[in-house]
Amino acid sequence: EAPLDVVDFTPTTQKEYDDGLAELRKGITNPFAQELITRRAQVDRERITGDSTWFEAAQGIKNRTAKVVTAREQREILVRASPGRYGEAKAQQMAVLESAGLPPDVARQQGMEATERLAMASVASQVESDPYAALKSLSAGPGESGNQAIEDLSPDGRERARGAAEVEI
């Protein structure tokens, strides 16, 4: 699904509402009806503006998150091909994430996901190229592997990688 462009969504929605309201008012000659329409229109316009602003903000977050995910996926491919570039790729991804302007909870979740996925891509490549060495590093205690990608894996990720290395052997 392509991201929806929300640039100027709220002002455009307001203008379209105002234009439609102006067209409606042209056909109303009764002053009481005019007053009723005016009062109701103020309430409706405020609601529409609030809904539009919320939608624009939510869609903006969704679009920026999609860009962060696309950048991460590209770095996963790089790290899978060159596992030694894990640290560089992670640092670049964290810079992309920091500049994305995401809310703190979304940024935190995306940061954890990026770390896990990039680390897993690097470790998977290491397992494929030398399962014995990978298994030795994966079996070391926390902080003892000498491999930042392995150290950055979650306990579940580390266990999955260890299982993959054992299967390769």
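Note that the coordinates shown come from a computational prediction; the quantities given were computed from them, not determined experimentally. We're numbering straight along the sequence, starting at 1.
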(message) Taking salt bridge (Lys or Arg N to Asp or Glu O under 4.0 Å) as the definition, give me every residue that meets it alongside R72, ordered by chain and number, with sequence neighbours left out.
(response)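 Testing R72 for salt bridge (Lys or Arg N to Asp or Glu O under 4.0 Å), a comparison that skips the adjacent residues, returns E76, E113.
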
From [atom1] ([X]) to [atom2] ([Y]), nearest 0.5 Å:
X    : Y    : atom1 : atom2 : value
E116 : D152 : CD    : CG    : 9.0 Å
Q110 : D105 : CD    : CG    : 10.5 Å
L153 : R160 : CG    : CZ    : 8.0 Å

For a quick test of reading the model, state the closest non-hydrogen atom pair linking [X] to [Y] and the distance between them.
X    : Y    : value
V79  : S125 : O-CB, 4.4 Å
I150 : A134 : CD1-O, 4.4 Å
T13  : S52  : CG2-OG, 3.3 Å
A114 : Q93  : CB-CG, 3.8 Å
T12  : D8   : OG1-O, 2.7 Å
G141 : E151 : O-OE2, 4.1 Å

Cluster overlap [X] with [Y], hydrophobic side-chain contacts below 4.5 Å:
X    : Y   : value
L21  : I48 : yes
L118 : V96 : no
V106 : L97 : yes
W54  : F9  : yes

Which residues pass the side-chain contact (heavy atoms from CB on, under 4.5 Å) test with [X], sequence neighbours left out?
X    : answer
Y132 : D130, I169
R45  : Q14, Y17, D18, T49
A149 : Y86, A119, S122, V123, Q126, N147

(request) For atom CD of Q109, decide whether the heavy atoms of other residues, nucleotides or ligands shown that lie under 6.0 angstrom number more than 12. (result) yes

(request) Give a yes or no on whether R25 atom CZ has more than 12 heavy-atom contacts from other residues, nucleotides or ligands under 6.0 Å away. (result) yes

(request) Please list all pairs passing the salt bridge (Lys or Arg N to Asp or Glu O under 4.0 Å) test where one or both residues lie in residues 27-36, with sequence neighbours left out. (result)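 Every salt bridge (Lys or Arg N to Asp or Glu O under 4.0 Å) pair that includes a residue of residues 27-36, provided the two are not neighbours, is E35-R39.
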
(request) Can you tell me which residue pairs pass the salt bridge (Lys or Arg N to Asp or Glu O under 4.0 Å) test with a partner in residues 79-88, sequence neighbours excluded? (result)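 Output for this query lists R80-E128, R85-E88.
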
(message) So does T10 get a backbone contact from the side chain of E56, meaning a donor-acceptor N/O pair under 3.5 Å?
(response)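 Yes; judged by distance alone, with no hydrogens or angles, the pair exists.
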
(request) Using the side-chain contact (heavy atoms from CB on, under 4.5 Å) rule, take R64 and V68 through it: C-alpha gap first, then chi angles, then the decisive distance, then the call. (result) CA-CA 6 Å; R64 291 190 307 277; V68 167; 5.7 Å; no

(message) Do the side chains of R47 and D51 get close enough for a salt bridge, i.e. N-O under 4.0 angstrom?
(response) yes

